[in-house]
Amino acid sequence: MRQIANRQRIYCGIDTHADTHHAAVITDTGILLEHRQFDTTAIGYDDLTMWIRELGEPIAVGIEGTSSYGAGIARHLRHLKITVVEVPRPNRKLRRSVGKSDPIDAEAAARAVLARHQLSEPKHGDGPIEAIRALRVARSSAVKAATASMNAIRAMLVTAPDTLRAQLRGRSTTALLDACTALDADVAQLADRQRNHSGTALTRQPDTSITQRSKRTEKTPRQTGQ
């Protein structure tokens, strides 16, 4: 670890992604010290923290996306008593003029912390609030899946046989689901339909060799008679 006689005050910005994070460190006077990429693993988080502390005394770390890709590193830094703040997305005008770049975005995050520009308190992502949020996400997903299934059932009933449509018409959602669950497949009717379909397919696409043999058989008596 490098030795720093007078530990300078520094600010760090992190541009987060699914597999890697890119971090940049600036001084309290705005001088860029370094930027580096780290893996989004426990070892990567430890390396990032050690790297920050080697460069100086961290005043605050700005992270974009503390509720998504940055949740893990945000929890890790808070656990080590390092101040974490949520920074806004990079300025679109800057992106148009400079381009999309992880080092640039990380440096912009660090400068946003230094300037205290549109900072916010990040969500902690743990405790009872996070547990409730996870339950709400699961419930919302289940409701969407149930709605999609019911829409599919009603769409299938539009082209269903008349007897089945008459049996299920006018039912509420719950009653329709119960009725559909209780339905038994008519295997005999299914076999008949498949047999008819197969027979039709065979007649429309006859085997060429059989057809030719049949024609030769029909010609043989005529040739014999002659």
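A24 and E107 make their closest contact through CB-N, 3.6 Å (heavy atoms, listed as atom of the first residue, atom of the second, distance). Listed here is the closest heavy atom pair of A109 and G62: CB-O, 4.1 Å. Pairing each heavy atom of A23 with each of C12, the nearest pair is CB-SG, 4.1 Å. In terms of heavy-atom proximity, T173 sits nearest to R154 at OG1-NH2, 3.5 Å.
The CG atom of D47 sits 11.5 Å away from the CD1 atom of I52 when rounded to the nearest 0.5 Å. Distance check: R9 CZ to I26 CD1 gives 12.5 Å after rounding to the nearest 0.5 Å. To the nearest 0.5 Å, atom CE of residue M50 and atom CG of residue L80 are 10.5 Å apart. Taken from CD in E54 to CZ in R7, the straight-line distance is 9.5 Å, to the nearest 0.5 Å. Considering CD of Q8 and CD1 of I31, their distance stands at 8.0 Å, rounded to 0.5 Å. One finds the OG atom of S101 at 7.5 Å from the NE2 atom of H35 (value rounded to the nearest 0.5 Å).
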Would you sort out whether L176 and M150 count as a side-chain contact (heavy atoms from CB on, under 4.5 Å), showing the intermediate values?
CA-CA 9 Å; L176 179 58; M150 180 52 58; 3.8 Å; yes
Can you check side-chain contact (heavy atoms from CB on, under 4.5 Å) on I14 and E64, steps first, answer last?
CA-CA 7 Å; I14 301 177; E64 177 191 348; over 6 Å; no
Working for side-chain contact (heavy atoms from CB on, under 4.5 Å), residues I82 and R53:
CA-CA 10 Å; I82 297 177; R53 286 178 167 167; 3.8 Å; yes
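The side chain to side chain contact (heavy atoms under 4.5 Å, CB included) test with V61 singles out one residue from I73, L77, V87, and that residue is L77.
Side-chain contact between V25 and W51: present, with at least one pair of heavy atoms (C-beta onward) separated by less than 4.5 Å. Residues Y11 and D28 form a side-chain contact, since some pair of their non-hydrogen atoms from C-beta on lies under 4.5 Å apart. Between I153 and L177 the shortest side-chain heavy-atom distance falls below 4.5 Å. In this structure, the side chains of L168 and L157 come closer than 4.5 Å at one or more pairs of heavy atoms. With contacts defined as side-chain heavy-atom distances shorter than 4.5 Å, the pair L55/E34 qualifies.
Distance alone, capped at 3.5 Å, is enough to place a donor-acceptor pair between the R111 side chain and the G30 backbone. Side chain of S141 to backbone of V137: no donor-acceptor contact under 3.5 angstrom is found.
Inspection of the H17 and D19 side chains reveals no N or O donor paired with an N or O acceptor under 3.5 Å. For the 3.5 Å distance criterion, the side chains of T29 and T27 qualify, holding a donor opposite an acceptor. Remark: the D102 side chain and the H21 side chain contain no N/O donor-acceptor pair separated by less than 3.5 Å.
Under the rule for a side chain to side chain donor-acceptor pair (under 3.5 Å), the partners of T66 that lie at least two apart in sequence or sit in another chain are E86. For D46, the side chain to side chain donor-acceptor pair (under 3.5 Å) criterion is met by H76, not counting sequence neighbours. Among residues two or more places apart in sequence or in another chain, the side chain to side chain donor-acceptor pair (under 3.5 Å) test is passed with S140 by none.
Open room surrounds CD1 on I43; 12 or fewer heavy atoms of other groups in view lie less than 6.0 Å from it.
Placement of I63 and F38 within a single hydrophobic cluster is found when ILVMFWY residues are connected by side-chain heavy-atom separations under 4.5 Å, directly or transitively.
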